[in-house]
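Working notes for the structure below.
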2 protein chains.
Amino acid sequence: MNRKRNTTLKELAKELGLSISTVSRALNDHPDISTETKESVKILAAQMHYVPNMFAKGFRSQKTNIIGVIVSNITHLFTSTILKSILEEAEIRGYRVIISESNNNEAKQSEMLTTMSQFGVDGVLMSLARKTTYVDDALRILNRMPLVLFDKVSSKIPCTQIVINEEEAAFNAVEHLIGLGKKRIAIMKETENSYNSEKRYAGYLRALNQYGLPVDEKIILSTEDISLVQGKRLANILLSMKNRPDAIFAITDNAAIGAIKALNKFKIKIPEEIAVVGFSNSINSTIISPTLTTVDQPGDKIGRTAVKYLIEEIENPKNDLLTKTVEIKTNLVVRDSSFKA
Amino acid sequence: MNRKRNTTLKELAKELGLSISTVSRALNDHPDISTETKESVKILAAQMHYVPNMFAKGFRSQKTNIIGVIVSNITHLFTSTILKSILEEAEIRGYRVIISESNNNEAKQSEMLTTMSQFGVDGVLMSLARKTTYVDDALRILNRMPLVLFDKVSSKIPCTQIVINEEEAAFNAVEHLIGLGKKRIAIMKETENSYNSEKRYAGYLRALNQYGLPVDEKIILSTEDISLVQGKRLANILLSMKNRPDAIFAITDNAAIGAIKALNKFKIKIPEEIAVVGFSNSINSTIISPTLTTVDQPGDKIGRTAVKYLIEEIENPKNDLLTKTVEIKTNLVVRDSSFKA
DNA sequence: AATTAACACGCAAACGTTTGCGGTAACGAT
DNA sequence: ATCGTTACCGCAAACGTTTGCGTGTTAATT
């Protein structure tokens, strides 16, 4: 197929009997050009469907107006919600977005980072892969272009970081359970030192302390991957205890749902016997029965904020490399799994 | 911040005492260059972290190695699953991906299409916005670059189209219900003429006909947006009938789940009194109780196939513009909502 | 009438890369 | 000694755009 080539400034210039530079300036509303000339140029440009060649443009200006985004898994609703808002906000501000997945693979993440840089993006938005320890690539990127981390972040990388108030959110969730009269609250968390898990655990502990409840190691459960099946498994462990907990705070909706499924199987009354609270406000939390009380994370706000800060840094380069943490507020959505009738 | 500039061929050439062209050829393994020269060039290139400037490259070759993707809503699991495989497959083949959302807005979709073209993508992958009627923009794009449609397609656009076997899938789903001994099967579909809804409805009708079951307009329900709440509403309508159906085929998992919720509320036994089958195999289908029988759509295969065909067309431009439909097989996942004990 | 200032436009370089073409050296064959 | 061949490499143009600088015209000021 003979794909038509795009019209160029040269063709417009020839058609109008003007020089290329005049046409360029006319289209860019340069003050040196008379109003009539601008008019005629713009009219012809529209007629001939002129569109500036982004490559020539970026080639000269060394600016691509593309921002790169690296996430671990695009199919997680929370992630795609963030991506949606990133796309929207970026478009509003005149940027395009290239998305890559690391699949929680650190090597892949490094590779993406360098190809992003090679590709000439103006800046990068990244949510770290789990267990990221090697941050040299990120540091190397940092003196080439701005980088903003979100959700999964690391204090080892001196840049702007957009996170939710993990600790406070967990505190509020546990406080809510305590408010229901629960005295023996189990937690399901991750074994590995993930930023999010650590913070939420800290919030859990603070709530127990503040309300004078004892911390019992036996009902502090950890798992490698905090999934639905693991939630089931851990719930079964809790049920097998002589001294059962009267509430479960799961660090993840999936684990909470797994727990509910296990409790349902044993006809445990939720929330009377055991209340359950999750984290994320995924759609599943309204599908499961009883519906799940959970922490709503405003993904769209995270995305928007991240884009805002990144573009700010792109357009106003700073000389300092410092860690700046921006916290986005969450709020607890109370549903049947912890509803006090 | 003083962002470091990338090293260029010129710098490499100066360092090595060679010409720019020789360095370029050496890096591209041109046969004219001696093995030793290639070696030394490549070593220095690695040392100096040389990365080719994509813009200069694309500028010359008029090839960007970027493909544009337009979907209606990135947060739908089915969509993000497709996107995931598109990202993977594209990366394997050396392409980057730019994603845009139309939000089911036809005007937005047209706009995205033109900015994609303006941006110089090598080809476009698109799933149409609902109720797309104006296809002129797509046609205009088509003689600039290859376009491949997937999932939501239209016969008005002469290009390669990747779809699932909607009709057959629906047929199989209804046939499955008939196999359970169900004789009065309701359907929940969309009012508007969406490609998917039409096809699935056709499959429903064919199954009824083939097994000699009467078609009763009263239990053929349509709704504008086929969502969870609408599923509930329509189920309530069915329950209010004197002559209730003994099965429901919902064109969407969400509607099916809404129906189940309504049935559960009225303590209808599923599947004994009324069986339910959905479409999509969303995660929710395993969360709801009873778990939902549904049609599994292999999103990853759709994405991969779409990329394959698009890149094929990019790299081997054809002279003909014809509609070529590629069908991806689905399969029915039988769960508790239709399980014959 | 001469000088100046403002205005409108053109020339040409530059961005980094690829590539057709031409050139040089070395070497074997005549 | 000359020719042809091969192996390597450099020159320069081209891609489309922006932009500093120069230039010519006109109108206003002295």
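Computed over heavy atoms, backbone and side chain alike; hydrogens, waters and symmetry mates excluded. Small disclaimer: the values here were computed from a predicted structure and weren't measured. Per chain, numbering begins at 1; letters A, B, ... match sequence-line order.
- Legend: residues meeting side chain to side chain donor-acceptor pair (under 3.5 Å) with Glu315(A), ordered by chain and number and at least two apart, are Tyr95(A).
- Checked by atom type and distance alone, the side chain of Asp122(B) pairs as donor or acceptor with a backbone atom of Asn65(B) at under 3.5 Å.
- Nucleotides of DNA chain D nearest to Ile20(A) and Ser19(B) differ in position, and the one nearer the 5' end is that of Ser19(B).
- Using a distance-only test at 3.5 Å, with no hydrogens or angles considered, a donor-acceptor pair links the side chain of Thr305(A) to the main chain of Lys301(A).
- Both Gly17(B) and Arg60(B) lie near DNA chain D, and the one whose nearest nucleotide falls closer to the 5' end is Gly17(B).
- Close approach of DNA chain C to chain A, defined as any atom under 4.0 Å from a non-hydrogen atom of the protein, starts and stops at dA8(C) to dG16(C).
- Comment: Glu106(B) does not engage Arg130(B) in a salt bridge, judged by the lack of any side-chain N to carboxylate O separation of less than 4.0 angstrom.
- Every residue meeting the side chain to side chain donor-acceptor pair (under 3.5 Å) condition with Thr37(B), not counting sequence neighbours, appears here in chain and number order: Ser34(B).
- Inter-residue side-chain proximity for Thr114(A) and Arg140(A) is flagged as met; some heavy-atom pair is nearer than 4.5 Å.
- Residues from residues 22-31 of chain B with heavy atoms under 4.0 angstrom of DNA chain D, sorted by number: Thr22(B), Arg25(B).
- Of the residues near DNA chain C, Ala56(B) and Ser21(B), the one whose nearest nucleotide (by heavy atom distance) lies more toward the 5' end is Ala56(B).
- Contacts of residues 34-53 of chain B with DNA chain C (heavy atom under 4.0 Å): Tyr50(B), Pro52(B), Asn53(B).
- For the side chain to side chain donor-acceptor pair (under 3.5 Å) test, no residue two or more places apart in sequence or in another chain qualifies with Lys324(A).
- Identified under the ring pair (Phe, Tyr, Trp, His ring centres under 6.0 Å) test for residues 24-64 of chain B, with sequence neighbours left out: Phe55(A)-Phe55(B), Phe59(A)-Phe59(B).
- Computed from C1' positions of five pairs at each end, the angle between the two local axes of the helix from dA1(C)-dT30(D) to dT30(C)-dA1(D) equals 70°, rounded to 10 degrees.
- Screening residues 152-162 of chain B for side-chain hydrogen bond (donor to acceptor under 3.5 Å, both in side chains) gives Thr160(B)-Glu313(B) as the qualifying pairs, with residues at least two apart or on separate chains.
- With Ile86(B) as reference, Leu125(B) is the one residue of Leu125(B), Asp300(B), Leu310(B), Ile302(B) to meet the side chain to side chain contact (heavy atoms under 4.5 Å, CB included) rule.
- Not counting sequence neighbours, the partners of Asp29(A) by the side chain to side chain donor-acceptor pair (under 3.5 Å) test are Lys42(A).
- Between Ser19(B) and Thr22(B), the side chains place a donor N or O and an acceptor N or O closer than 3.5 Å (distance only, hydrogens not considered).
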When you compare the protein's N or O atoms with those of nucleotides 23-28 of chain D, which come within less than 3.5 Å of each other, and at what distance?
none

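- Residues Glu89(A) and Arg93(A) are paired through a salt bridge, judged by an N-O separation under 4.0 Å between the basic side chain and the carboxylate.
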Which side-chain N or O atoms in residues 68-79 of chain A pair as donor and acceptor under 3.5 Å with protein atoms at least two apart or in another chain?
unit_1, atom_1, unit_2, atom_2, d
Asn73(A), OD1, Thr75(A), N, 2.9
Asn73(A), OD1, Thr75(A), OG1, 2.7
Asn73(A), OD1, Lys84(B), NZ, 3.3
Thr79(A), OG1, Asn73(A), O, 3.4

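- Ionic pairing of Lys108(A) and Glu91(B) is present here: one or more N-O contacts between side-chain nitrogen and carboxylate oxygen are shorter than 4.0 angstrom.
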